[in-house]
Amino acid sequence: MIKLEKMVKKLVLILAGVMLPTMIMTLLLGTLEVQFSMKEEIRELKMELKNINK
């Protein structure tokens, strides 16, 4: 019974070790994507403003 618990703990640790970096990467990529799309939106808005001012 104790052996089983130890195995489960090891599995959980291994899974956490594998999943954590993936989750961090996903979060980082998500924020980068948001920042990039915001930049694109701002660029488009600036272009529209220039066209209006002409």
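Note that this is a predicted model, so its numbers are computed, not measured.
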> CG of Leu27 to OG1 of Thr22: how many Å apart, nearest 0.5 Å?
Replying inline: 11.0 Å
>> Can you list, by chain and residue number, the hydrophobic cluster partners of Leu20 when the side-chain cut-off is 4.5 Å?
In response: Ile24, Leu28
> Atom NZ in Lys46, atom CG in Asn51: separation rounded to 0.5 Å?
Replying inline: 14.5 Å
Under 3.5 Å, which donor-acceptor pairs do the side chains of residues 9-18 form with other protein atoms, sequence neighbours left out?
none

> Quick one: hydrophobic cluster around Met38, which other residues, with the 4.5 Å side-chain cut-off, linked directly or via members?
Replying inline: Val34
> Taking the hydrophobic residues Ile, Leu, Val, Met, Phe, Trp and Tyr, and joining any pair whose side-chain heavy atoms are under 4.5 Å apart, which ones share a cluster with Phe36?
Replying inline: none
> Restricting to pairs with a member in residues 15-40, which pass salt bridge (Lys or Arg N to Asp or Glu O under 4.0 Å), not counting sequence neighbours?
Replying inline: Glu40-Arg43
> Rounded to the nearest 0.5 Å, how far does CE of Met47 lie from CG of Leu45?
Replying inline: 11.5 Å
